[in-house]
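The structure under discussion appears below in the form of structure tokens.
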Protein chains: 2
Amino acid sequence: MFRGISKISIDAKGRFAVPAKYRSELQDKCANQLVITVDPDQCLLMYPKPRWDEIENQLMTQGNLSKDVRRLQRLIVGYATDCEISSQGKVQLSQPLRDYAGLDKTGMLVGQGQRFEIWDADTWLKLTDDWRRAEQAKESLNESLVDLQL
Amino acid sequence: MFRGISKISIDAKGRFAVPAKYRSELQDKCANQLVITVDPDQCLLMYPKPRWDEIENQLMTQGNLSKDVRRLQRLIVGYATDCEISSQGKVQLSQPLRDYAGLDKTGMLVGQGQRFEIWDADTWLKLTDDWRRAEQAKESLNESLVDLQL
DNA sequence: ACACTTTTTGCCACTTTGATACACAAAAAA
DNA sequence: TTTTTTGTGTATCAAAGTGGCAAAAAGTGT
């Protein structure tokens with residue numbers, strides 16, 4: 001399970017270093033084989049290859065009659081790019097992926113269980129600030145969450 | 001169960017010493033393995049690892065179609081960082097965590113049952129002062145609390 | 001009040017990690 | 001082919017994290 005947030009800096013050619021603490025787990029899980037794609041929320045998703053295969057399978061066996069499904073398939077599968085963690089621990093993000101997520105010099109790599117999310121740093125800070133405000137302002141939580149005991 | 005409040009000082013590298021009185025309990029509960037994450041209220045939450053695992057499990061099995069759920073997952077799991085109490089009894093707080101809670105030189109470590117909260121000292125003092133004022137001003141408590149016998 | 005123990009804190013040196021710059025290779029465009 | 005763009009590997013330097021020690025402070029008991 002991946003968790004935790006790290007600031008990453010993206011070099012002129014679009015590479016970033018995978019934080020050291022995740023490298024051994026990634027080595028084990030997928031022999032450094034990743035798939036990176038886009039999320040409807042302006043960020044990128046980074047999966048270990050085996051986990052991606054499950055996702056892709058789920059998506060492509062949905063039938064494609066619904067507009068929503070076709071749209072998701074086009075986005076998610078369309079942008080999905082195979083990547084490998086280099087011997088120096090770096091990952092290359094293609095130009096289209098960087099463009100989609102508005103990634104420039106600095107990003108945030110956010111562990112989310114079975115996958116990572118990659119956000120532009122500014123976008124992330126603005127969003128989390130909004131979320132925090134929203135959570136604080138709320139008198140009552142969404143019903144599905146009221147039983148949660150943090 | 002953790003209780004009590006302690007002033008902690010955070011060194012230049014972001015470390016603080018766990019107060020001695022908690023060390024044996026933490027040793028027993030989690031072999032010094034902690035997970036620290038953020039709370040929507042500008043503070044950090046520090047869990048013994050086994051307790052964290054329960055929380056994470058609850059959160060990540062919620063499905064991620066609802067915006068509220070995704071938001072919480074991103075915040076709570078996204079910031080969650082594994083930490084270990086060093087042989088000298090110190091804990092390292094990563095830069096993103098310190099940034100989120102506005103932690104600088106001194107903080108407050110507040111026992112809250114199954115977890116600790118970590119506040120920036122100034123923020124804490126200001127907040128508790130506000131709360132005190134608010135409680136005093138109030139004629140009656142929220143209905144859900146009337147049965148409580150302090 | 002004194003001596004002694006425990007805890008806290010600040011400091012230093014060392015190691016690991018990450019950023020930058022540069023040279024080179026491959027592929028695409030001209 | 002030549003030129004340009006895009007990606008890759010490597011070396012060097014800076015920053016961040018780690019561990020350990022020791023002085024200072026706080027706490028304890030006599």
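Lettering follows sequence order; numbering is per chain, from 1. The basis for the numbers below is simple: all heavy atoms, side chains too, and nothing from hydrogens, waters or symmetry mates.
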Checklist entry - Out of C:dG18, C:dA19, C:dT7, which nucleotide sits closest to the side chain of B:Ala20? => result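 The closest nucleotide is C:dT7.
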Item to check | Sole residue of A:Leu44, A:Val38, A:Leu45 in side chain to side chain contact (heavy atoms under 4.5 Å, CB included) with A:Ile118 | outcome: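 Testing each of A:Leu44, A:Val38, A:Leu45 against A:Ile118, the sole residue satisfying side chain to side chain contact (heavy atoms under 4.5 Å, CB included) is A:Leu44.
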Next on the checklist: Name the residue from A:Thr128, A:Leu109, A:Val110 that meets the side chain to side chain contact (heavy atoms under 4.5 Å, CB included) definition with A:Ile5.
Outcome noted: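 In the set A:Thr128, A:Leu109, A:Val110, the residue that makes a side chain to side chain contact (heavy atoms under 4.5 Å, CB included) with A:Ile5 is A:Val110.
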Between [atom2] of [N] and [atom1] of [X], the distance in whole Å:
{"X": "B:Leu97", "N": "D:dG17", "atom1": "CG", "atom2": "P", "value": "11 Å"}
{"X": "B:Asp82", "N": "D:dG17", "atom1": "CG", "atom2": "P", "value": "15 Å"}
{"X": "B:Leu109", "N": "C:dT8", "atom1": "CG", "atom2": "P", "value": "11 Å"}
{"X": "A:Ile8", "N": "D:dA16", "atom1": "CD1", "atom2": "P", "value": "17 Å"}
{"X": "A:Lys21", "N": "D:dA16", "atom1": "NZ", "atom2": "P", "value": "15 Å"}
{"X": "B:Lys7", "N": "C:dT9", "atom1": "NZ", "atom2": "C1'", "value": "11 Å"}

Item to check | Criterion side chain to side chain contact (heavy atoms under 4.5 Å, CB included) on A:Thr123 and A:Lys126, from CA distance to verdict | outcome: CA-CA 5 Å; A:Thr123 311; A:Lys126 205 159 60 61; 6.0 Å; no
Item to check | side-chain contact (heavy atoms from CB on, under 4.5 Å) partners of A:Asp104, counting only residues at least two apart | outcome: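 Partners of A:Asp104 by the side-chain contact (heavy atoms from CB on, under 4.5 Å) criterion come out as none, since no residue qualifies.
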Checklist outcome for this item: Counting primed atoms, P, OP1 and OP2 as sugar-phosphate and everything else as base, the B/S/- map of nucleotides 25-30 of chain C against protein heavy atoms under 4.0 Å is ------
Item to check | Summary of protein contacts for nucleotides 4-12 of chain D, nucleotide by nucleotide, where a base hit scores B, a sugar-phosphate-only hit scores S (4.0 Å, heavy atoms) | outcome: ---BBBB--
Next on the checklist: With heavy-atom distances below 4.5 Å as the criterion, would you say the side chains of A:Gln27 and A:Asn32 are in contact?
Outcome noted: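 In short, these two side chains touch, coming nearer than 4.5 Å.
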Checklist entry - Any side-chain heavy atom of B:Gln73 sitting closer than 4.5 Å to one from A:Gln112? => result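 Yes, close enough: below the 4.5 Å cut-off.
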Checklist entry - For the residue pair A:Trp52 and A:Tyr47, does the interplanar ring angle fall in the parallel (under 30°), tilted (30 to 60°) or perpendicular (over 60°) class? => result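 Geometry flag for A:Tyr47 against A:Trp52: tilted rings.
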Item to check | B:Trp124 and B:Trp119 aromatic ring geometry - parallel, tilted or perpendicular at 30°/60° bounds | outcome: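 Tilted: the ring planes of B:Trp119 and B:Trp124 meet at 30° to 60°.
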Next on the checklist: Quick test of your reading: applying salt bridge (charged side-chain N to carboxylate O under 4.0 Å, His left out), list the pairs with at least one residue in residues 32-46 of chain A, sequence neighbours left out, ordered by first then second residue.
Outcome noted: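 Matches after skipping sequence neighbours: A:Asp39-B:Arg74, A:Asp41-B:Arg70, A:Asp41-B:Arg74.
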Checklist entry - Among residues 23-38 of chain B, which contact DNA chain C at a heavy-atom distance under 4.0 Å? => result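 Output list: B:Arg23.
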Checklist entry - Taking only residues two or more places apart in sequence or in another chain, which ones pass side-chain hydrogen bond (donor to acceptor under 3.5 Å, both in side chains) with B:Glu25? => result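 B:Glu25: side-chain hydrogen bond (donor to acceptor under 3.5 Å, both in side chains) contacts with B:Lys29.
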Item to check | NZ (B:Lys7) with more than 12 external heavy atoms under 6.0 Å | outcome: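 Atom NZ in B:Lys7 is not crowded, with 12 or fewer foreign heavy atoms closer than 6.0 Å.
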